[in-house]
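Report on the structure given below.
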Amino acid sequence: MTGAELRILLDRALDLVGKNEDELRDLDSAIGDGDLGITVSRGAEAARKSIAAMPSASTPSEIIRTLATTIASANPSSFTALVATGLLAASRSVADRESLTAADVLTMAQQAVPAIAKRGKAEVGDKTVLDALVPSVAALEANTSEGALDAMIAAARKGIDDTAGGVSRKGRAAWLGERTIGHPDPGATAYLRFLEALERARSELRA
Amino acid sequence: MTGAELRILLDRALDLVGKNEDELRDLDSAIGDGDLGITVSRGAEAARKSIAAMPSASTPSEIIRTLATTIASANPSSFTALVATGLLAASRSVADRESLTAADVLTMAQQAVPAIAKRGKAEVGDKTVLDALVPSVAALEANTSEGALDAMIAAARKGIDDTAGGVSRKGRAAWLGERTIGHPDPGATAYLRFLEALERARSELRA
Amino acid sequence: MAGISYFVRGVAGEMKKIINDPNAFVDEALDGILGAHPTMLKAVSADRRAIARADAPIKGHVGIVTGGGSGHLPLFLGYVGVGLCTAVAVGNVFSSPSSEQILAATRAAHGGTGVLYLYGNYGGDVMNFDLAGELAAGEIETDTVVGIDDVASAPPERSSDRRGVAGLFFAYKCAGAAAESGLPLAGVAAAARSAAANTRSMGVGLSPTILPAAGKPTFELGPDEMEIGIGIHGERGIRRGRLESADQIAGDLLEKIAADLRLSRGDAVAVLVNGLGATPLEELYVLYRHVRRTLDGMGVAVRRTYVGEFATSLEMAGASLSVMRLDDDLARLLHAPARSPFFRE
Amino acid sequence: MAGISYFVRGVAGEMKKIINDPNAFVDEALDGILGAHPTMLKAVSADRRAIARADAPIKGHVGIVTGGGSGHLPLFLGYVGVGLCTAVAVGNVFSSPSSEQILAATRAAHGGTGVLYLYGNYGGDVMNFDLAGELAAGEIETDTVVGIDDVASAPPERSSDRRGVAGLFFAYKCAGAAAESGLPLAGVAAAARSAAANTRSMGVGLSPTILPAAGKPTFELGPDEMEIGIGIHGERGIRRGRLESADQIAGDLLEKIAADLRLSRGDAVAVLVNGLGATPLEELYVLYRHVRRTLDGMGVAVRRTYVGEFATSLEMAGASLSVMRLDDDLARLLHAPARSPFFRE
Ligand SMILES: Nc1ncnc2c1ncn2[C@@H]1O[C@H](COP(=O)(O)OP(=O)(O)O)[C@@H](O)[C@H]1O
Ligand SMILES: Nc1ncnc2c1ncn2[C@@H]1O[C@H](COP(=O)(O)OP(=O)(O)O)[C@@H](O)[C@H]1O
Ligand SMILES: [Mg+2]
Ligand SMILES: [Mg+2]
Ligand SMILES: [Mg+2]
Ligand SMILES: [Mg+2]
């Protein structure tokens with residue numbers, strides 16, 4: 001995938017993911033401060049603009065770096081620091097590529113995950129974005145072919161469902177302790193919605 | 001009336017007037033801050049103690065001065081400043097008397113009234129203690145004989161009733177403007193209750 | 001855009017206080033203050049209701065005595081210090097101190113050259129200060145200046161009936177600096193009078209307050225109402241209206257004040273945005289922002305700015321704006337050093 | 001004797017704010033602050049969310065950068081000044097600033113000898129400061145100290161998980177004095193670490209607060225309840241109980257703090273009684289009174305006292321107690337001069 005192709009894909013996916021604002025706001029209101037909807041919609045909107053303003057010859061690495069810094073600044077929060085951290089690690093791992101192969105995408109994901117875990121000092125099971133991210137990257141490792149994105153989505157969704165019954169152990173939600181039981185993690189859901197948006201954008205662009 | 005007689009009379013009258021705490025609190029709550037009940041009950045209680053602690057040879061003037069300063073300090077407020085002002089003027093007007101005649105009592109009242117009016121910068125009709133005080137002193141001027149106290153009580157009561165329908169123009173009640181219509185003035189009522197207490201104390205002591 | 005009123009389930013109409021016996025509230029607060037600031041303040045009456053700066057009386061300096069009801073901190077006690085008032089008489093919540101307490105403060109403040117009484121124009125306070133002044137007569141020369149800055153409390157033609165609110169701070173600051181500089185009583189009184197004459201204030205209340213001993217609100221407001229022109233005891237203002245935006249509120253208050261002061265292009269002023277208790281500092285700065293922009297637009301130079309809690313009404317939500325027009329003397333006096341446990345310049 | 005909770009008809013559950021557009025609240029408050037204090041503060045990023053003392057960077061001096069969500073004034077911005085922090089990154093209400101904003105503050109604070117990050121231990125802030133530090137790496141040396149003074153937020157064995165609350169003030173004051181004296185980064189960090197290690201806090205909340213943009217209360221409390229151990233965003237504490245008397249509350253808070261600090265006879269301390277927003281200053285002094293008496297009784301010397309609003313939670317009613325054990329170094333640093341628009345020593 002060239003830089004130009006990546007831009008088109010991201011533009012559409014970012015547009016789609018922003019439409020989940022209400023759901024994400026409600027999820028974050030239940031066990032956090034309710035800002036995740038705005039964080040995602042404003043971040044996506046701002047990122048579309050920044051990417052559109054980049055020179056047409058920008059590399060995938062540069063595009064992802066811009067995505068990272070724009071999201072980090074639009075409506076700053078815990079989630080944006082995590083996303084930016086992961087995307088910056090991903091961007092660095094493909095710094096020399098003009099175009100991304102499936103292997104490159106896997107490398108990016110494999111670099112992003114530990115960077116995010118380290119930033120959040122979190123582990124799988126803490127009921128955070130990691131509980132969707134880690135299994136979805138495992139699915140990608142198992143399958144870098146055509147159906148990979150569907151497998152990632154399924155794995156992320158399962159990760160969210162499996163942890164919804166537990167207690168949030170990180171971030172603002174952790175303040176509520178037992179009161180978080182039964183609520184799916186907002187950040188993990190945002191990640192799932194992004195994967196879904198990517199999938200839909202890809203189908204649309206193919207059609 | 002000697003100092004010794006005055007002490008006995010005041011002790012009983014102060015005891016009686018303190019029992020109006022609830023009524024005065026409610027009246028002052030309606031158009032003021034509700035402290036007049038406590039002001040009167042604590043002031044009366046403290047004054048009884050201070051007077052009891054005075055040397056037995058104290059003159060009426062000294063006793064009234066003690067009454068003034070004690071009431072002024074027990075639970076300070078607008079009303080205590082007015083009462084103290086009036087009593088200090090009264091005390092000064094009989095400074096040389098060993099014993100009070102009916103004429104002395106009239107002099108005291110005549111000195112107290114303008115001092116209070118000046119202190120409060122108030123006039124009859126402003127719906128204050130003056131609206132009970134001024135007519136009651138006029139009644140005393142007209143009749144310094146046996147029935148004087150009854151006449152004063154009747155005049156004070158009429159003054160209160162006549163002004164209840166008007167607007168309070170001085171003190172905290174004036175802040176409420178029209179909302180004071182229909183409420184009798186608390187300070188005027190306190191003065192009336194004191195006259196009544198004096199009357200009852202006198203009858204009891206005679207009996 | 002209108003202001004915002006939020007409805008909260010589960011906190012319906014409650015007001016909670018961190019106190020012990022409500023009747024001991026004032027004395028316990030004073031005990032805390034005296035214990036916290038022993039190098040700056042001392043009690044000068046047996047009942048500890050008259051309090052003076054620790055080094056009072058200052059020989060040869062005019063004393064300044066203030067006083068009033070409790071529940072307004074930092075008013076009044078908070079302005080006892082170097083370059084400010086010399087002593088204070090402290091009443092119960094929203095109630096005047098006694099003439100005896102004022103007299104004790106007067107004696108403690110008297111450095112041989114007389115005492116200025118400087119306080120807000122409230123009936124009980126005026127009567128008790130006047131009475132104290134008469135009791136002190138012969139012994140100590142006194143003069144009196146009362147704060148009458150609240151434009152909402154009476155029309156211009158009855159300006160001497162107006163109440164004193166947060167703008168009293170400016171009079172304290174200027175009179176205190178004058179006294180500290182060694183001016184005689186007439187000079188200190190003139191500084192106070194000039195500050196008072198050039199100061200106007202107006203406030204807006206968003207919620208009432210509860211007197212600890214009385215246990216009932218000082219007034220009632222509808223859920224999306226505000227009281228424009230409110231006093232610091234919850235006195236009724238000019239009108240009651242729907243809660244407006246910060247800019248509208250700031251604009252309303254400034255308009256009244258500027259008209260009453262006849263502010264015009266080229267004037268220099270000091271501005272005080274005061275919180276009444278519960279309103280966050282952030283909101284006070286949002287108000288200040290619009291006041292400042294408007295004054296800039298009018299060509300009025302803002303030489304000094306104060307934003308914070310200077311005269312409160314227990315936990316009342318709301319704010320007031322005070323403006324003092326400056327001449328060279330007032331500007332110099334305002335700029336002079338001052339130091340109390342509650343205020344430092 | 002129990003504390004007192006009053007029920008008020010006609011103000012049922014409302015919370016009113018003096019604001020314009022809720023989404024512009026933070027930027028408008030900052031605009032007001034920058035307009036009010038142009039000689040002391042300046043914006044150092046295009047979005048004006050990074051703000052530094054007017055004379056920053058100070059050549060040869062270590063910079064101190066703090067930051068966090070808005071709604072806590074005077075925290076965090078209020079502690080940018082001489083002898084305090086050098087710059088701040090300002091987030092939305094109760095939200096972290098961005099790493100970009102922190103980076104801008106870092107650059108503005110860097111006088112050539114590195115920057116200390118000093119802020120409260122909250123997830124979003126930690127992640128964004130860490131990210132900023134990585135972005136600055138190579139260009140500017142940074143070290144980090146986080147405030148973890150809230151004893152109610154985690155047991156002693158997990159003390160590094162604790163949140164930072166009003167006690168952060170002590171770390172600012174000591175680190176700021178160390179930086180002002182020209183100590184290198186390691187020395188400034190050591191001062192901050194020592195202050196943080198010797199400070200404990202705990203608070204009690206009486207009412208929730210409402211985020212302007214969210215419009216819902218941060219938590220709910222029964223009409224006569226209080227939350228013991230509350231955080232400055234309304235985080236749940238140790239227990240919820242009936243509102244108690246001031247002396248009981250003060251005793252409870254001090255007991256927890258003294259045990260955790262292992263305070264003993266002969267120790268010297270600084271005490272900070274902090275109001276969370278709506279609670280009147282008078283009530284804070286009633287709390288202080290009991291704290292002081294208890295410490296006196298324990299043979300612990302109170303060397304410095306601070307009572308007022310140092311770290312708020314918008315209009316939350318409640319208070320917190322912070323105690324810092326003093327050694328000679330901390331006592332000296334605490335005593336050093338400091339000056340910001342919001343704090344003066
Ligand atoms: N320490 C952490 N490690 C990993 N993920 C975290 C951590 N803290 C928060 N998150 C994720 O961030 C989400 C909340 O994001 P956001 O709303 O931006 O937080 P906040 O508003 O508290 O700053 C959570 O649902 C969780 O997925
Ligand atoms: N200026 C005044 N002149 C005359 N009487 C006054 C004046 N102000 C108040 N009063 C009297 O005092 C009474 C209220 O007394 P009090 O409760 O002590 O006042 P406050 O609590 O406002 O200090 C009023 O009912 C009125 O009779
Ligand atoms: Mg959130
Ligand atoms: Mg009264
Ligand atoms: Mg009263
Ligand atoms: Mg947030």
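So you know, we letter chains A, B, ... as the sequences are listed, proteins then strands, and number each from 1. These numbers were taken from a predicted model, which means no experiment stands behind them.
- Side chain of K16(C) to main chain of E225(D): a donor-acceptor pair is present (N/O by atom type, distance under 3.5 Å, no hydrogens or angles).
- Each of G78(C), A278(C), A36(C) has some count of heavy-atom pairs under 4.5 Å with chain D, and the biggest count is that of A36(C).
- For a residue to count as touching a neighbouring chain, one of its non-hydrogen atoms must lie under 4.5 Å from one of that chain's; by this rule R339(C) does not touch chain D.
- Side chains of N20(D) and H290(C) form no contact here, defined as non-hydrogen atoms less than 4.5 Å apart.
- For A317(D), no part sits under 4.5 Å from any heavy atom of chain C, backbone or side chain.
- The distance from the CG atom of L75(D) to the CG atom of L281(C) is 11.5 Å, given to the nearest 0.5 Å.
- Your options are V302(D), L314(D), V291(D), and the one with the most heavy-atom pairs under 4.5 Å with chain C is L314(D).
- For R292(D), the part sitting under 4.5 Å from any heavy atom of chain C is the side chain, from C-beta outward, and nothing else.
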Original post:
Could you walk me through whether V286(D) and K17(C) pass the side-chain contact (heavy atoms from CB on, under 4.5 Å) check?
Top reply: CA-CA 11 Å; V286(D) 172; K17(C) 294 184 186 289; over 6 Å; no

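- For the pair E283(C)/F25(D), a side-chain contact is recorded, criterion being any heavy-atom separation below 4.5 Å from C-beta on.
- Using a 4.5 Å cut-off between heavy atoms, F342(D) contacts chain C through its side chain alone, with no backbone atom that close.
- Closest of all the heavy-atom pairs between A29(C) and E282(D) is CB-O, 3.6 Å.
- Looking at I249(D), the atoms closer than 4.5 Å to chain C (heavy atoms on both sides) all sit in the side chain, from C-beta outward.
- Residues I18(C) and L287(D) have side chains in contact (heavy-atom distance under 4.5 Å, counting atoms from C-beta outward).
- Comparing H72(C), M226(C), R344(C) by heavy-atom pairs within less than 4.5 Å of chain D, the highest count is held by R344(C).
- Under a 3.5 Å cut-off, the side chain of E315(C) and the backbone N or O of G277(D) do not form any donor-acceptor pair.
- No part of R304(D) comes within reach of chain C, as not one of its non-hydrogen atoms sits under 4.5 angstrom from that chain.
- When heavy atoms are compared at a cutoff of 4.5 Å, L73(D) approaches chain C by way of both its backbone and its side chain.
- Interface summary for chain C: among T305(D), D247(D), V26(D), the most heavy-atom pairs under 4.5 angstrom belong to D247(D).
- Ranked by heavy-atom pairs shorter than 4.5 Å toward chain C, the options G71(D), G308(D), S70(D) are led by G71(D).
- Aromatic ring centroids of H37(D) and Y288(C) lie 6.0 Å or more apart.
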